[in-house]
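Written out below as structure tokens is the structure these notes cover.
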2 protein chains.
Amino acid sequence: MITIRDVARESRCSPTTVSIVLNNAPLANYIPQETKSRIKQVAEELGYQPNLFARSLRSNRSHTIGVIVYDISDPYSTQILRGIENSLYEIGYLPILADIQNSDSRFRNYLNILLQRRVEGLILFSNPFYIDVDKEFERVPEKRKVPTVLIGRESRLDTFSSVVVNNEEGGRMAIQHLYALGHRKIAFVKGPEIFLDSRQRWKGIATFAKESGLVIDPELVVELKQPSASYEEGYRLTQQLLERGHSFTGLVAFDDMTAYGAIRALKTAGLEVPRDCSVTGFDDTSGAAFYNPPLTTVRQPMETLGTLSVGILAEAIQASLQQKVSSRVQRVVAPELVVRDSTAPV
Amino acid sequence: MITIRDVARESRCSPTTVSIVLNNAPLANYIPQETKSRIKQVAEELGYQPNLFARSLRSNRSHTIGVIVYDISDPYSTQILRGIENSLYEIGYLPILADIQNSDSRFRNYLNILLQRRVEGLILFSNPFYIDVDKEFERVPEKRKVPTVLIGRESRLDTFSSVVVNNEEGGRMAIQHLYALGHRKIAFVKGPEIFLDSRQRWKGIATFAKESGLVIDPELVVELKQPSASYEEGYRLTQQLLERGHSFTGLVAFDDMTAYGAIRALKTAGLEVPRDCSVTGFDDTSGAAFYNPPLTTVRQPMETLGTLSVGILAEAIQASLQQKVSSRVQRVVAPELVVRDSTAPV
DNA sequence: TCCCGAAGTTCGATTTAAATG
DNA sequence: GCATTTAAATCGAACTTCGGG
């Protein structure tokens with residue numbers, strides 16, 4: 001492998017000079033153009049590539065970001081990843097991916113591993129409620145801490161930044177859409193009360209109902225128990241709704257997966273979507289556009305979530321390089337209603 | 001940060017000894033148990049963590065694998081990733097993720113970046129035909145080459161290992177399933193002829209037809225053009241099939257996405273799946289089980305594909321550490337028919 | 001000679017402090 | 001003192017070689 005010494009020898013100067021020139025360090029101003037171009041040419045000819053291990057050892061930087069996702073196979077994760085990956089690429093960073101698979105022991109392990117690898121920042125995806133991220137972080141020694149962004153959930157600790165979608169606004173969009181289509185008897189498959197997102201979305205719904213005078217029939221409201229199996233739960237709960245016998249023409253599901261379960265349950269009961277019942281989802285995960293019928297849903301701008309996270313990290317890293325303290329940033333992005341074929345006028 | 005010197009000072013011996021003890025190097029046999037435990041205890045107390053940059057510089061190893069996917073938002077990728085990630089975790093490696101987004105310039109860039117970061121191996125996902133992986137690799141200097149596995153496609157170069165599913169067998173499974181259900185008038189949405197997978201799947205279909213005496217009506221065979229937009233193409237081609245007026249009771253789609261498009265087109269034309277027409281997919285991507293109706297499909301064991309790739313890399317890395325030359329490995333794994341609700345007897 | 005331990009070198013790039021004409 | 005250039009120290013771990021008892 002070609003080292004800086006080889007380049008130095010070949011261009012008849014010292015490694016120091018080569019380093020200064022190739023990195024365009026401040027001292028490069030004092031070096032005549034002629035020497036510079038000679039060195040650059042030699043480096044080019046020899047195919048010199050600096051050894052990043054040596055550079056990292058010296059600079060104590062890895063140009064690497066740790067990305068911890070709770071379930072890589074969840075389409076919600078992948079679109080955010082796309083945004084992260086793209087933005088990192090632009091600033092010369094690379095993501096190290098850790099899929100914790102909903103396991104808190106894996107979370108702990110990965111956290112240690114990534115910190116030991118000296119990632120310069122961390123991005124954590126909103127995770128199952130049973131992993132207490134805040135607590136896990138408290139045991140990390142102050143010295144090792146790096147800028148961290150939480151996507152999709154807010155943190156108690158003021159060391160975390162966060163990027164979330166405006167869930168309340170999103171909930172409102174869903175119900176408002178059905179209301180505008182003339183639906184008045186609307187059923188709800190709520191998210192688990194334990195999730196902040198669920199409570200916020202519900203708040204948006206309740207607020208709109210109050211404002212518009214829409215009456216929400218308690219018999220038409222059911223709640224997901226398990227956060228993980230939302231398709232099956234969506235299916236089961238919708239069956240329950242149907243059995244209760246209170247008719248409805250619209251259904252607001254907690255997320256896309258739940259909506260799929262609901263649509264399937266309606267279909268199985270002989271009801272057509274949207275002819276007999278309109279259904280809305282939440283997220284706009286990649287399958288929503290291809291569903292049968294294509295799903296009307298509230299889109300989370302996932303790529304944007306990823307991009308924003310990287311931006312926050314980049315600034316924090318920059319700040320810490322200049323010995324500055326960066327305070328945490330909390331960003332709330334607007335959702336967007338995507339109307340497809342699963343909703344129709346009454 | 002605590003260094004090996006700190007541990008040495010605190011335990012009243014030299015850095016050498018500390019290094020030997022903590023790494024359990026061969027020389028550790030000559031060191032009395034008492035010294036060992038003293039050192040270990042001090043290391044523990046001080047919270048010593050070896051600096052991986054220094055270690056990497058010395059050993060020239062990164063314990064890192066580059067994973068190049070052509071489109072992270074494709075569910076096909078994510079399930080394989082899960083398998084990769086899991087296996088790497090077990091052998092103490094970490095994946096660096098590169099999403100090339102179907103762009104060949106990004107591919108080239110990432111290849112360089114990853115090699116410069118000294119990944120110890122590479123996993124490439126089968127990619128759009130317009131990226132000639134073989135060619136890109138030929139320009140990589142011999143010195144920099146690392147063990148490489150191609151998933152989902154075979155390579156001309158004998159430096160690549162590969163892991164693929166048995167496509168011919170899979171094609172056979174799909175048609176055989178419909179045949180067994182009594183279908184005789186079957187339509188086909190083939191994959192692009194340019195893909196090896198497409199040709200292999202078709203071969204499986206053709207062979208079965210010949211063996212069983214099934215007649216394939218050329219008017220009921222259409223072919224995808226664009227590899228990327230298979231939902232839209234599946235939709236459009238199925239409409240074409242319907243317009244031709246040759247009736248059919250079953251449809252074999254190239255992959256799940258195509259099947260979704262086909263189902264949607266049938267539905268739009270007023271046909272129910274599976275009542276009026278059975279449809280099969282290929283891949284068993286994560287949405288297939290939740291589709292409306294849940295899709296009968298030929299599963300690629302994606303996690304296994306990932307796991308096997310890592311296994312191949314691990315062996316190749318091990319071999320090269322012992323100065324051995326490892327030859328390329330080609331593995332073909334069996335697909336599996338997953339019967340759900342999109343197919344039914346005639 | 002055997003056991004135990006340490007001094008010194010190496011990995012490759014960067015940076016400080018200093019030397020040349 | 002100025003414009004150029006460089007020797008030497010540094011980053012932290014690991015390995016080679018050597019010495020004392």
Side-chain angles (χ1 to χ4, degrees), chain A residues 1-40 42-43 46-64 92 115-118 120 143-144 321, chain B residues 1-40 42-43 46-64 92 115-118 120 143-144 321:
Chain A
M1 211 71 292
I2 309 293
T3 75
I4 199 171
R5 257 166 277 269
D6 299 320
V7 178
R9 190 171 357 89
E10 202 68 23
S11 54
R12 281 161 289 113
C13 61
S14 75
T16 312
T17 315
V18 175
S19 172
I20 290 169
V21 170
L22 294 184
N23 293 305
N24 206 12
L27 278 179
N29 293 323
Y30 298 118
I31 293 177
Q33 189 53 48
E34 202 248 319
T35 314
K36 285 192 200 172
S37 35
R38 177 162 41 95
I39 291 176
K40 280 178 184 164
V42 170
L46 296 182
Y48 168 69
Q49 299 232 276
N51 183 318
L52 296 186
F53 295 151
R55 190 176 266 180
S56 287
L57 173 58
R58 184 64 224 224
S59 65
N60 216 356
R61 299 186 58 187
S62 64
H63 282 272
T64 284
L115 291 175
Q116 204 189 351
R117 296 243 186 173
R118 298 280 215 285
E120 296 180 35
K143 296 261 182 196
R144 300 202 86 85
L321 283 181
Chain B
M1 212 69 295
I2 310 292
T3 77
I4 199 171
R5 258 168 278 270
D6 298 321
V7 179
R9 186 168 3 86
E10 202 69 22
S11 55
R12 280 161 290 110
C13 62
S14 77
T16 315
T17 315
V18 176
S19 172
I20 290 170
V21 170
L22 294 184
N23 293 304
N24 207 12
L27 280 178
N29 293 323
Y30 298 122
I31 293 178
Q33 190 53 48
E34 202 247 319
T35 314
K36 286 194 205 173
S37 34
R38 178 162 39 95
I39 291 176
K40 281 178 184 163
V42 171
L46 297 182
Y48 168 69
Q49 299 232 272
N51 182 317
L52 296 186
F53 295 149
R55 190 175 266 180
S56 287
L57 173 59
R58 187 64 230 232
S59 65
N60 215 359
R61 299 186 58 187
S62 64
H63 282 271
T64 284
L115 291 175
Q116 203 189 351
R117 296 244 185 171
R118 298 280 214 285
E120 295 180 36
K143 297 261 182 195
R144 300 202 87 87
L321 283 181

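Proteins come first, then strands; the chains are lettered A, B, ... in the order of their sequence lines, and each starts at number 1.
Distance from the side chain of A:P15 is smallest to C:dT14 among D:dA13, C:dA13, C:dT14. Side-chain atoms of B:N51 lie closest to D:dG12 of the nucleotides D:dG12, C:dA6, C:dG5. The B:Y30 side chain lies nearest to C:dC4 when the options are C:dC4, C:dA13, D:dT6. Among C:dA6, D:dT4, C:dA13, the nucleotide with an atom closest to any side-chain atom of A:R5 is C:dA13. If you check C:dA6, C:dA13, D:dG12 against the side chain of A:T3, the one that comes closest is C:dA13.
Straight-line distance from the CZ atom of A:R9 to the P atom of D:dA7: 14 Å, rounded to whole Å. Taking atom CZ on A:R38 and atom P on D:dT5, their separation rounds to 8 Å, with Å as the unit. Put simply, CZ on A:R55 is 22 Å from P on D:dT10, counting in whole angstrom units. Atom P of nucleotide D:dA13 and atom CG of A:L57 are separated by 9 Å, given to the nearest angstrom. Regarding B:Q49, its CD atom lies at a distance of 14 Å from the C1' atom of D:dA13, rounded to whole Å. Rounded to whole Å, atom P of D:dC18 lies 15 Å from atom CG of B:L27. B:I20 places its CD1 atom 13 Å from the P atom of C:dA7, with the value rounded to the nearest Å. One can place CD1 of B:I39 at 11 Å from C1' of C:dC4, the figure rounded to the nearest angstrom.
No donor-acceptor pair under 3.5 Å is formed between the side chain of B:N23 and the backbone N or O of B:A25.
Of the two residues contacting DNA chain C, namely B:N29 and A:R58, the nearest-nucleotide position lying further toward the 5' end is that of B:N29.
For the pair A:S62 and A:R118, the tightest heavy-atom approach, listed with the atom from each and the gap, is OG-O, 2.6 Å. Between B:D6 and B:M1, the closest heavy-atom pair is OD2-O, 3.7 Å.
Phosphate proximity of D:dG12 to B:Y48: absent, as no side-chain N or O sits under 4.0 Å from OP1 or OP2. For B:T17 and C:dA6, the shortest distance from a side-chain N or O to OP1 or OP2 is below 4.0 Å. A sub-4.0 Å separation between OP1 or OP2 of C:dG5 and a side-chain N or O of B:T35 is present.
Judged by distance alone, the side chains of B:T16 and B:S19 never bring a donor and an acceptor atom under 3.5 Å apart. In this structure, a donor-acceptor pair under 3.5 Å is present between the side chains of B:T64 and A:R117.
Contact annotation for A:N23: backbone-only contact, meaning every heavy-atom pair under 4.0 Å involves sugar-phosphate atoms and none involves a base.
A donor-acceptor contact under 3.5 Å is formed by the side chain of A:T16 with the base of D:dA7.
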